Each structure stands twice: as structure tokens, then as C-alpha cells.
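Below is one structure, written out as C-alpha cells, with a few remarks after it.
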Amino acid sequence: MCLNVIGREGSQKPGIYETMRFMKGGYKQPPLPLNIQCHSRSFAKYLYGLLQPLANKYYRESPDSFVDKFISSEEFQEVATAANEQVDLVWVVKYGKFVGIFFEGLDAISSVDEAQESKWQQAFAFRTFKEAVVFQLGSIKNPDHHVWEYNPREQPNTADEIRQLLNVAEVEPPSTPPPATPPRFPRPTLRSLRSPNPDTPPPTPSHRNRRQAEGTSVGTSFVASPQITVHVNQDPLSAGRRSLFHTGAYWSRRILRNLQFDKRSAGKVEDAIRKFNSKEEFLQWFNTKCTVISEDWAELLWDLHSEL
């Protein structure tokens, strides 16, 4: 997503794009244009719809006045709250192949690493969206509240550590390639496991099933105190799906184990199912993180949580 003033000659047009737009980096650039990489197109549309009118409204202000009015607006405060719920860290690439704000750490450092000249390589990670935007729009070279500075040329050892940490945070692919597509079995079989009354707990498993489940990480502690998360740009997540999450978690965890996912990677997939409120967003995440797994498996895992 690119925020800018419509009709500004020699500059990127504002809009929503599939890839980051090229723009000059550094500390002497005007506040606009501003690149923001989002997790999904729907979130990019949400940000663009609220922030682009602010760019049109304040672009004639001085740089400092623009930043103050931009981040003080109610629209920006709403966007910042929603963005902080999406990620733990927000990255700012000041020098790189593409500069701007990134929600994905690996994409940010990849942009830095792919810069044609090593002297133009620098990025910072912040805990909040507001801190990241203020730094990107301003001219301060040494921010006070950053978590990490990624600077391969001047700090190669620290850059290696950051790169390793971000790579470890990714979902590890299974050691054994799974089948190309999930087996086809009747969907009514899945629905038959659902209790007639949503308030009625699922039937107690048989003694044989209890023995099979021993040693797994599935249990009441997995779903302690489920919460309903409402994102301002998305439809509220229904209480029914949350309240029945534990049943779907049981079956999807077994499927992931059969696909050779280790306990840690399987947990990340289930965290993603709980995090995203639409199948499309989950599939987009899954296709990015689990490239060796067919999308059919991802749909099956999502449907298990939705239908059981």
C-alpha cells in the first residue's frame, strides 16, 4: 500500500499494490510517499481507506506539522490499534531495495539484504505501529524506542543473530513430505461428531480413544479461558466457533501430527487458526509459511474448527 498525493509529478501514485513500490530511502526525504506492507489485501484496504484521506488533507503542511496532525487524528489512532493487534513488531526499512513499513520481519531484512549497495542497508523494529510511522516519516537517525537495529554493514554479528531469530520464528516444514492432497472422506462423518446442542459438551471418549490420546498435548489447558477478539476492520468472530474450538483442535492436531509436523510447528498453525477470522486470511498465511503442504490440507484444518 502506498500513501501519497494524487497528481504529484515524478512520484508513485497512491493505491494498493501487490508488491512494495520503489521510493528513495534515507533521512532527508519528505513524509510522503509512505509504503506500508500489510499481511492481507483486506487489511491494506482498511488502512488505505482511513489514511489516504489524511495524506490528501495535510500534505501542504510542513513535515513536522504533517506528522503531528497525521498521528494525532482519530483515524490514525484506530488504525494503530488494529495494527498492533496484528503483529508483535513493526519494521521500518530506511535503506534497502524497498523502503517503508513492514509487518513481516523477514521481508524487511530481505529488502535490506537485497539493496544494490551495502552502504544503503538499515532497518529498525518497533513494538508499536505509531512508533514505526513516526520514525519513518521523520528525520531522526537514532530512534530511542526501537527493539532491534538491522545493519549488516556496521553490525554484522547482530544482523546474523536477528536473521537467525526471525528464521526460527517461521513454521518449520515437516521432515517427511506429506501427500499432495488430503484424503477424501465423507463430510457428513465430520458433522456427525457435533453435539445437537451447542451448550452440550462433546461425548466422553471411549477407553480405547483415551489410551490413543495419551501423551498428546491436547487437553483442557489448550483452550483455557477462550476469548473473543473483535478487529475493527473485520466481522466479529462468533462465540459459537470459539466455544467449540477445542473439538476441532483435537482432530486437526492429530492430522498435523500425521503430516509430520513437530509439536512447535503444529502449535503455530493452530494459533493462526485462532488468530484469523476468515478462511481466506488463514489460507494466505498457510501458503506463505507452509509452502510444501497443499492448500487442500489448510482448508480441511480450517473446516474442522468451523464445523466440529
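Just so you know, these numbers come straight off a predicted model, no measurement behind them.
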How long is the span from the [atom1] atom in [X] to the [atom2] atom in [Y], to the nearest 0.5 Å?
{"X": "R127", "Y": "N84", "atom1": "CZ", "atom2": "CG", "result": "11.5 Å"}
{"X": "R21", "Y": "L34", "atom1": "CZ", "atom2": "CG", "result": "14.5 Å"}
{"X": "Q37", "Y": "T19", "atom1": "CD", "atom2": "OG1", "result": "10.5 Å"}
{"X": "L51", "Y": "S73", "atom1": "CG", "atom2": "OG", "result": "7.5 Å"}
{"X": "E75", "Y": "I71", "atom1": "CD", "atom2": "CD1", "result": "13.5 Å"}
{"X": "W91", "Y": "Q136", "atom1": "CH2", "atom2": "CD", "result": "14.0 Å"}

Please tell me if the side chains of [X] and [Y] come closer than 4.5 Å, counting only heavy atoms from C-beta onward.
{"X": "R41", "Y": "Y17", "answer": "no"}
{"X": "L89", "Y": "F126", "answer": "no"}
{"X": "K130", "Y": "F135", "answer": "no"}
{"X": "E61", "Y": "Y58", "answer": "yes"}
{"X": "F129", "Y": "V87", "answer": "no"}
{"X": "K69", "Y": "S65", "answer": "yes"}
{"X": "D296", "Y": "L300", "answer": "no"}
{"X": "V112", "Y": "F98", "answer": "no"}

Ignoring hydrogens and geometry, is there a side-chain-to-backbone donor-acceptor pair from K275 to Q86 under 3.5 Å?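 The answer is yes, because a donor-acceptor pair under 3.5 Å joins these two groups.
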
Closest heavy-atom contact between [X] and [Y]?
{"X": "P31", "Y": "L137", "answer": "O-CD2, 3.2 Å"}
{"X": "Q77", "Y": "S72", "answer": "NE2-CA, 4.2 Å"}
{"X": "A55", "Y": "L32", "answer": "CB-CD1, 3.8 Å"}
{"X": "K94", "Y": "G138", "answer": "NZ-O, 3.3 Å"}
{"X": "Y46", "Y": "A82", "answer": "CE2-CB, 3.8 Å"}
{"X": "S110", "Y": "L106", "answer": "OG-O, 2.7 Å"}

Chi angles and distances behind the side-chain hydrogen bond (donor to acceptor under 3.5 Å, both in side chains) call for T158, E161: CA-CA 5 Å; T158 301; E161 293 176 1; 5.1 Å; no

Give a yes-or-no answer on whether the side chains of E131 and T128 include a donor-acceptor pair shorter than 3.5 Å.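 A donor-acceptor contact under 3.5 Å links the two side chains.
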
Without hydrogens or angle criteria, can the side chains of E281 and H39 be said to hold a donor-acceptor pair below 3.5 Å? no

For the pair K268 and D271, evaluate salt bridge (Lys or Arg N to Asp or Glu O under 4.0 Å) and give the outcome as yes or no after the intermediate values. CA-CA 5 Å; K268 286 185 174 292; D271 287 343; over 6 Å; no

Would you say the ring centers of F66 and Y59 fall short of 6.0 Å from each other? no

Would a line drawn from the ring center of Y95 to the ring center of W120 be shorter than 6.0 Å? yes

Between F276 and W285, how do the two ring planes meet: parallel, tilted or perpendicular, split at 30° and 60°? tilted

Are more than 12 heavy atoms from other residues, nucleotides or ligands located less than 6.0 Å from atom NZ of K279? yes

Chi angles and distances behind the side-chain contact (heavy atoms from CB on, under 4.5 Å) call for I255, W297: CA-CA 9 Å; I255 290 175; W297 284 109; 3.7 Å; yes

Give the intermediate values and the outcome of side-chain contact (heavy atoms from CB on, under 4.5 Å) for residues I140 and Y27. CA-CA 7 Å; I140 299 176; Y27 295 88; over 6 Å; no

Determine whether F124 and Y150 satisfy the following criterion, ring-ring contact (aromatic ring centres under 6.0 Å, His included), listing intermediate values before the conclusion. CA-CA 6 Å; F124 292 87; Y150 184 76; over 10 Å; no

Go through L301 and L256 one step at a time and tell me if the side-chain contact (heavy atoms from CB on, under 4.5 Å) criterion holds. CA-CA 9 Å; L301 294 171; L256 289 168; 3.8 Å; yes

Salt bridge between D113 and K97, side-chain N to carboxylate O under 4.0 Å? no

